[in-house]
Amino acid sequence: MSALYLAQDPTLADFGKDPWWLVLGKIVFAFVFGLLATLLGVWFERRVVGYMQVRPGPNQVGPFGLLQTLADGLKMAFKEDILPRAADKVVYFFAPTISVICAVTALSVVPFGPMVSIFGHWTPLQVTDVPVAVLVLLACSSMGIYGIVLGGWASGSTYPLLGGLRSSAQMISYEVAMGLSIVAVFMTAGTMSTSGIVAAQANGTQLSIGGFDLPAPGWYAILLLPSFIIFFISTVGETNRAPFDLPEAESELVAGFMTEYSSLKFALFMLSEYVSMVTMSAVTTTLFLGGWRAPAPITTFWAGANSGWWPMLWFFGKVLILVFVFVWLRGTLPRLRYDQFMRFGWKVLLPINLVWILVLSGLRSIEDWQSRDRLLATAIGAGVLLLVTLFWPSRRQERKPTVQEQVNSRPHGSFPLPPMDLQVPPSPRTKRVVAEREPANIAGSDSREV
């Protein structure tokens, strides 16, 4: 009975029954997880990027350099805390804390495991869960924008203000694409509860194609592949990670919204970025990678892989893989221009997301039809989509004027142009010297002009 209960998925009815000390322990565990994951994430990123760039990375402080991040944090704590004269002192102080608090709060609705026994109490490995838990995640990620905007505004300087505005525009743009990509998860799982979404990915689904029932995987990363790709790209842009780290474009804005911050306040902003990276990796694992459930190859030969405390190992492993992808992108791709980044979000991700949701809605609406009718409706929809794609009007490229046309269109009195054929004409002085040169005469019968 107990083993069966350990393997059971938590439901909304299992929350709200824990004693106060157990709730406090879960909150402390989530906070410590976010803090330790951030400290180890900084070390992990520096080591992985160092390996990619054929250099050692941090390896002096502690075994394998594990304490280097802690040493950097202590160094920041003892640095001088400079307050700009024109800064709004209250907002300037609270802006970094807003970013950190919002990033850590999102971990409260992330399930780390199934029902377990803690000192005789049966409880889920999750701080809390509500029927709209995913909306809580979106609200936390949206509230994190306030810390960046207020930090840039409260500094009382032009460069941080511009960096804060760029950050707000970037994060709001990719928040739209990220929210739309989760709609497909809602439609498939039938719930907004994070524990319910993990439970919905426990078993595979059956797809009926051409009258045949084919088994499909339960992970939404495979079943809803376009949503997963768009969601992960949006999380990279949402967390200001490379190649989308435009608010901190050193060549343009010095250091973005955190230009005037120093000491622990600067450390909090850096901490919030890494906490957001770990949090979004945990959210991606929950929504698309089966959450705390073990991958299919493990569950085939081990029936108890999803029972007890073992699911925490699978959850942390998936989060680590996604963090590695974040680091991999930073060490591989160059930074995009701001216009390229915004165009990609509004003109590529958003239309693809809307079309995908429309297609998925159509497939969900014809699930109860007969096999022949479903096949006919799918074929008609695919044909219409193909025709629209083929005959969609494309922008006609304007004819580029020739060099001579560009020269002729220049206004009167413009500066002289260099030769267009890249051939330098002979010097006028050279012509004059050749013309004035007298022929040389050689005495004798065979004299001739040379």
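Computed from a predicted model, the values in this text were never measured in an experiment.
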- Message: I'd like to know if the side chain of Thr194 reaches the main chain of Val109, judged simply by a donor and an acceptor atom lying under 3.5 Å from each other, with no hydrogens or angles considered.
- Response: yes

Backbone N or O of Leu313 within a donor-acceptor pair of the Lys318 side chain at under 3.5 Å? no

When every non-hydrogen atom of Pro124 is compared with those of Pro10, the smallest separation belongs to CB-CB, 3.5 Å

**Prompt:** Do Glu80 and Ser262 have a side chain donor and acceptor closer than 3.5 Å?
**Reply:** no

Interatomic distance, CD1@Ile230 vs CG@Leu225, rounded to 0.5 Å, equals 9.5 Å

With under 30° as parallel and over 60° as perpendicular, where do the rings of Phe269 and Phe257 fit, or are they tilted in between?
perpendicular

Glu45 meets the salt bridge (charged side-chain N to carboxylate O under 4.0 Å, His left out) criterion, sequence neighbours left out, with Arg241, Arg330

One should read off an interatomic distance between Leu24 CG and Trp21 CH2, to the nearest 0.5 angstrom, of 10.5 Å

Practice problem: Assess the side chains of Lys26 and Ser108: does a donor N or O sit below 3.5 Å from an acceptor N or O? | Solution: no

### Message
Do Ser155 and Met258 make a side-chain contact, defined as non-hydrogen atoms from C-beta onward lying under 4.5 Å apart?
### Response
no

From CA spacing to verdict: ring-ring contact (aromatic ring centres under 6.0 Å, His included), Phe44, Tyr274: CA-CA 11 Å; Phe44 180 75; Tyr274 283 90; over 10 Å; no

In this structure, OG1 of Thr69 is separated from CG of Leu36 (nearest 0.5 Å) by 11.5 Å

Here the gap from Leu224 atom CG to Phe288 atom CZ, rounded to the nearest 0.5 Å, amounts to 7.0 Å

The reported gap from OG1 in Thr188 to OH in Tyr220 (rounded to nearest 0.5 angstrom) is 5.5 Å

Steps toward side-chain contact (heavy atoms from CB on, under 4.5 Å) verdict (Met187, Ser361): CA-CA 8 Å; Met187 295 169 56; Ser361 301; 3.2 Å; yes

Separation between CD1 (Ile229) and CD1 (Ile233), nearest 0.5 Å, reads 7.0 Å

- Item | Side-chain (Gln53) to main-chain (Arg55) donor-acceptor, under 3.5 angstrom | no

Can you find a heavy atom in the side chain of Asp14 that is under 4.5 Å from one in the side chain of Thr123? no

Is a side-chain donor or acceptor of Asn353 paired with a backbone partner of Ala177 at a separation under 3.5 angstrom? yes

Exercise. Any donor and acceptor pair, going by atom type alone, linking the side chain of Ser117 with main-chain N or O of Trp122 inside 3.5 Å?
Worked result: no

side-chain contact (heavy atoms from CB on, under 4.5 Å) filter on Phe29, not counting sequence neighbours, yields Phe112, Met312, Phe316

